[in-house]
Amino acid sequence: MDKILVLKKRKDFLRVAKGIRMIVSTVILQAAPSLSKDPVPFKIGYTVTKKIGKAHVRNRTKRRLRAAAQAIFPAFGLPNVEYVLVGRYNTADCPFKVLKSDMKWALKKTNTLLMEQKNQQNTQANVSDNSAATSPA
RNA sequence: CAGGGUGGUCGGAUAGCCGCGCUGCGGAAAGGAAAAUCCGUUAGUGAGGAAAGUCCGGGCUUCAUGGAAACGGGAUACCGGAUAACGUCCGGCUGGAGAGAUCCAAGGGAAAGCGCCGCAGAAAACUACCGCCGGACUAUAUGUCCGGUAAGGGUGAAAAGGCGAGGCAAGAGCUCACCGCUGCCGUAGCAAUACGGCGGGUCUUAGGCAAGCCCUAUCCGAUGUAAGACCAAAUUAGGAUUUAUCAGAAGCUUGCUUCUGACGAGGCGUUUCCACCUUGUCCAAGGGUAGGUCGCAAAAACAGACCGGCAACGGUUUGUGAAGAUGAAUGGCUAUCGCUGCAAACUUUGCCUUGUUGCAAAGCAAUGGCAGGCACAGAACCCGGCUUAUAGACCACCAGCUUU
RNA sequence: GGUCCCAUCGUCUAGUGGCCUAGGACGCGGCCCUCUCAAGGCUGCAACACGGGUUCAAAUCCCGUUGGGAUCA
């Protein structure tokens, strides 16, 4: 079984935050395509701000996110994508089944959006390639 | 019986599956400035009493180090002890709260000085408005002036010891007894202090505030693991000149190096001095950005026994045991048990429309059921305290009431 | 992780321990003025972050909590 790779750099978090954002009642999911060209497995980062609560509440929130991601992402995560899970006020004490179902729904929705974006980029790239071919620089 | 006070202990338990950090072991690949990496594992280990607040004290770090004095700044404050140290702890004293066990107190100095005490009141610290008393004057009054008083009145948080008797024109510690305060002496105690005696001591210009300035005594250098040490990539590595203070000695490369002394410069809030260190033409630069390694975990620790001590604590001895992250490790699910809550059922009571068990209320010992109910809360260099948060459970001692 | 600072009406602020039942400006409500609105006038509501202590008396002095903010070779 592959280990889930974890985002650690502040730069990466900032870049992913500019990508797609999907908000459900217990969690926020952000996603953006990876920078590397080689095929790499997906990466996950976790963000829990000080607004959520004191230290032990934040730890608990992050652990529940990690446990839920362990159950969901190996089945549905796309390669070459970086995801960031953001904890909300009720993440620490909501039922775990609800958290999982919410996360699964958000992930599927995000993936479809990502695929659409990728297709659009591909078509645009094809157009630009065609133009480059017609007028070589 | 009722559940008060003080001190202490614990902080859900067991099992299974999946998952995480670190250490060990085994393996893999890549490669180089140093390094980081990945996989496996029937291996080991992995949050607290407060890990919190950062309020004190210490270790350790850098400022090269140590000592002395003055100035400045800060802290503490009944007495004695414990301790590495402390603003902590223990024992005692004094004052206050309580029926008591017990609890609370920044609790030195106001006869060194300055300052403040609004309003009210005559006066807030050189008191004298009304009043009381004596004298003088006159218009003989509920008047004016001079003097003596501090008993009484009123104001205020606070009014110049209290109370009684004597005394006096009226009064007053003016005198006396008792109480208070204070000084001295004696006894007990290491001391704070207590008890007793003596002196009346101008019986008080010693009214209050020092968490106002201040005085006295004692203590304190700054800095915080983002301290700091090392390795180190990219990028930078220079400029100005008078070619380098003086004396002595040694060496050989004969104008450089080393040593000693003098001189100059610098040296942890400021100044001065001593020892000492660095430097010797002056300025400048090392590395703040990216990254790694160390610091980084074995202790003034805890428990038992014995000895000393009222105790805090100390000594001897035996044993226990100790996480180490850096976008930051302990989580998720299931089962059983424990506790809590809920309704049902059950029990009791009430009602009338007497229901082949209807409606309502109360109770909770046993039984089965349901609950995503089970405190405060997460190590970040380490240790000793303090403060604050905290569901519930347990233990010991002491006090209260009733009975024998 | 360390070191500091601040807190007064809805907002911005003033405030020597006593005249503070806390002042001002903007804002908000009501009334007047006007044909109506604005401006103007009158008037009202509204605060010392919380808990203790010192003092006769605390927004102010001291201690402890809570919340917010700044900073780090």
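Residue numbering restarts at 1 for every chain, and letters A, B, ... go by the order of the sequence lines.
- Comparing B/G87 with B/G173, their C1' atoms sit 48 Å apart, to the nearest whole Å.
- Place A/Thr47 and A/Val57 on RNA chain B by their nearest nucleotides, and A/Thr47 ends up nearer the 5' end.
- Considering only side-chain N and O atoms, A/Arg64 lies under 4.0 angstrom from the phosphate OP1 or OP2 of B/G332.
- Spacing between B/U23 and B/U61 at atom C1', rounded to whole Å, works out to 28 Å.
- If A/Val48 and A/Lys100 are placed on RNA chain B by their nearest nucleotide, the residue sitting closer to the 5' end is A/Val48.
- To the nearest 0.5 Å, the span separating OG1 on A/Thr110 from CG on A/Leu114 amounts to 7.0 Å.
- A/Arg21 CZ: 12 or fewer foreign heavy atoms inside a 6.0 Å radius.
- For B/C339, the paired base is B/G373 (Watson-Crick or G-U wobble, both distances below 3.5 Å).
- C/U13 sits 43 Å from B/G121 when the P atoms are compared, rounded to a whole Å.
- Partner assigned to B/A28 is B/U37, using Watson-Crick or G-U wobble distances below 3.5 angstrom.
- Rounding to the nearest 0.5 angstrom, the gap separating the CG atom in A/Leu65 from the CG atom in A/Leu99 is 6.5 Å.
- B/A206 sits 30 Å from B/G197 when the P atoms are compared, rounded to a whole Å.
- With a cut-off of 3.5 Å on both Watson-Crick or G-U wobble distances, the partner of B/U76 is given as B/A217.
- Nucleotide C/U54: unpaired (no Watson-Crick or G-U wobble partner with both distances less than 3.5 Å).
- Rounded to whole Å, atom P of B/A51 lies 19 Å from atom CZ of A/Arg58.
- Pair assignment for B/G156: none, as no Watson-Crick or G-U wobble contacts are both less than 3.5 Å.
- Base pairing of B/C306: its partner is B/G315, meeting the Watson-Crick or G-U wobble criterion (both donor-acceptor distances under 3.5 Å).
- Both A/Val81 and A/Trp105 sit in one connected hydrophobic cluster of ILVMFWY residues. Membership requires side-chain heavy atoms under 4.5 Å apart, directly or through other members.
- B/G57 has its base anti relative to the sugar, with a glycosidic angle deviating from 0 by more than 90°.
- Regarding A/Lys62, its NZ atom lies at a distance of 11 Å from the P atom of B/U330, rounded to whole Å.
- Distance noted for atom C1' between B/G49 and B/C104: 27 Å (whole Å).
- Between B/C252 and B/U243, the two P atoms lie 30 Å apart (nearest whole Å).
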Interface polar pairs with nucleotides 373-377 of chain B, N/O, under 3.5 angstrom:
unit_1: B/A377; atom_1: N7; unit_2: A/His56; atom_2: NE2; d: 2.9

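- Pairing partner, B/U243: none, since no Watson-Crick or wobble contact has both distances short of 3.5 Å.
- If you take CG of A/Leu65 and P of B/C20, they are 17 Å apart, rounded to a whole angstrom.
- B/G87 has its base anti relative to the sugar, with a glycosidic angle deviating from 0 by more than 90°.
- In this structure, A/Thr47 OG1 and A/Lys62 NZ are separated by 8.0 Å, a value rounded to the nearest 0.5 Å.
- The minimum heavy-atom distance linking A/Val24 with A/Ala106 is given by the pair CG1-CB, 4.3 Å.
- For A/Val27 against A/Val86, the heavy-atom pair with the smallest separation is CG2-O, 3.6 Å.
- Here, B/G309 and B/G57 have their C1' atoms 26 Å apart, quoted to the whole Å.
- In this structure, B/A298 shows a glycosidic angle within 90 degrees of zero, which is the syn conformation.
- Taking the C1' atom of each, C/C4 and C/U21 are spaced 38 Å apart, rounded to whole Å.
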Exercise. Going through the checks in order, is the side-chain contact (heavy atoms from CB on, under 4.5 Å) test met by A/Met22 and A/Leu113?
Worked result: CA-CA 10 Å; A/Met22 188 59 55; A/Leu113 282 174; 3.8 Å; yes
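- Base orientation at B/A165 is anti, since its O4'-C1' glycosidic dihedral falls outside 90° of 0.
- Of the nucleotides present, B/A396 is the one that pairs with B/U6 by Watson-Crick or G-U wobble criteria, both distances under 3.5 Å.
- In plain terms, the two heavy atoms of A/Ala69 and A/Leu85 that are nearest each other are CB-CD1, 4.1 Å.
- Using a 4.0 Å cut-off, no side-chain N or O of A/Arg63 falls inside it from OP1 or OP2 of B/G19.
- Between the P atom of B/A325 and the CG atom of A/Asn59 lies a distance of 16 Å, rounded to the nearest Å.
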